[in-house]
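For reference, the structure discussed in these notes is given below.
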Amino acid sequence: MQNEKQQNEIISKGKEMGQKVFAQTKEATGQAIKALKILSRDPIGGQSEALKNLGQSNALRAGIVLVVIFSISCFLLGHSIVSESQVVGEYMGGVAGSYFKLLFFSLIPSASVFVCFFLIMKLISQEKEQISTCIYTTGVSTLPLAVLFFCIKIFGLSNFELLSAIGIFCFSTTFFLINSSMQDIYKLSTQKSFLITPTLVLLAGVVSNVFYSALI
């Protein structure tokens, strides 16, 4: 009887925790959608407006959702690459090992971009923002790449012409968004933004490639 009571309490606590997680996830997703609506009206200047309208706490929630979306797209991209090269089982330690490594790899690009934004905020920016701002700008700036990676998973790596067109659009949009965040949020000069934007993309790409090469 006592064991049954304890089991019911555990189930009840689990349901309560699940409801809280669901509510928080729903709230965070709502904030992300709100930010995307503002960005859709003004993709370049809207970053700063969305950040002000959301506030730091909601910007953090929105940023986390967008970063998770990007991380999922990275996982799917990595899976497509290793599947095409047929090295999942042979070089990555079997199915379980491969998925663990791909999961780890999927976090590296987001972490690399975040670290770059954080260092810019601490060392160069005239505005001393909070970490939530770095997460927010990371999520917004990587969203076009997430679209590209999802398209690669959907259409396959062999569909070169279509992916090239989508890639040009997504990479261009990424550069515009990063440059906009440098000027409007971190208050860097046009000259610094012009130099730092491609540098940030290059560093994040190099770091991700190093980890990817180590994984396979």
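With a 4.5 Å cut-off on side-chain heavy atoms, Met182 and Lys192 do not count as touching. Taking the side chain as every heavy atom from C-beta outward, Leu202 and Pro198 never approach each other to under 4.5 Å. Residues Phe114 and Ile135 are in side-chain contact: their nearest non-hydrogen atoms beyond the backbone lie under 4.5 Å apart. The closest side-chain heavy-atom distance from Phe150 to Leu76 is below 4.5 Å. The shortest side-chain heavy-atom distance between Thr142 and Leu66 does not fall under the 4.5 Å cut-off. Side-chain contact check for Phe75 versus Phe149: every heavy-atom pair is 4.5 Å or farther apart.
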Verdict with supporting geometry, Ile124 and Ile196, side chain to side chain contact (heavy atoms under 4.5 Å, CB included): CA-CA 10 Å; Ile124 306 174; Ile196 290 175; 3.8 Å; yes
Step-by-step side chain to side chain contact (heavy atoms under 4.5 Å, CB included) determination, Gln47 to Asp184: CA-CA 8 Å; Gln47 283 192 72; Asp184 297 339; 5.8 Å; no
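Taking CZ from Phe70 and OG from Ser110, the interatomic distance works out to 5.0 Å, rounded to the nearest 0.5 Å. Within the model, atoms CD1 of Ile108 and CG of Leu103 stand 10.5 Å from one another, a figure rounded to the nearest 0.5 Å. Interatomic distance, OG of Ser132 versus CG of Asn58, reported as 10.0 Å (0.5 Å rounding). Atom CG of Asn179 and atom CG of Leu195 lie 10.5 Å apart (nearest 0.5 Å). With rounding to the nearest 0.5 Å, the separation of OG in Ser40 from CD1 in Ile33 is 11.5 Å. Atom CG of residue Leu148 and atom CD1 of residue Ile168 lie 11.0 Å apart, to the nearest 0.5 angstrom.
Cluster annotation: Leu177 and Val147 are assigned to distinct hydrophobic clusters (Ile/Leu/Val/Met/Phe/Trp/Tyr, side-chain heavy-atom contacts under 4.5 Å, transitive). Residues Leu162 and Leu77 fall within the same hydrophobic cluster, defined by Ile, Leu, Val, Met, Phe, Trp and Tyr side chains chained together at heavy-atom separations under 4.5 Å. Cluster membership for Leu107 and Leu60, using ILVMFWY side-chain heavy atoms within less than 4.5 angstrom, is not shared. Residues Leu36 and Val67 fall within the same hydrophobic cluster, defined by Ile, Leu, Val, Met, Phe, Trp and Tyr side chains chained together at heavy-atom separations under 4.5 Å. The hydrophobic clustering, which links ILVMFWY residues whose side-chain heavy atoms are closer than 4.5 Å, places Met121 and Leu203 apart.
Put simply, the residue from Ser112, Ser141, Cys116 that forms a side-chain contact (heavy atoms from CB on, under 4.5 Å) with Leu200 is Cys116.
The minimum heavy-atom distance between Ala146 and Ser73, with the atom names listed, is CA-OG, 3.4 Å. In terms of heavy atoms, Gln56 sits closest to Leu51 at NE2-CD1, 4.4 Å. Pairing each heavy atom of Thr29 with each of Val65, the nearest pair is N-CG2, 3.8 Å. The minimum heavy-atom distance linking Ala59 with Leu54 is given by the pair N-CB, 3.9 Å. Scanning all heavy atoms of the two residues, the minimum distance from Gly45 to Ser180 falls at N-OG, 4.3 Å. Of all the heavy atoms in Ala35 and Tyr136, the pair that sits closest is CB-CE1, 4.5 Å.
More than 12 heavy atoms of other shown residues, nucleotides or ligands fall within 6.0 angstrom of atom NZ in Lys187. The environment of Leu119 atom CG is dense: over 12 non-hydrogen atoms of other residues, nucleotides or ligands sit within 6.0 angstrom.
Pairs passing the ring pair (Phe, Tyr, Trp, His ring centres under 6.0 Å) check and including a residue from residues 152-205, sequence neighbours excluded, read Phe117-Tyr186.
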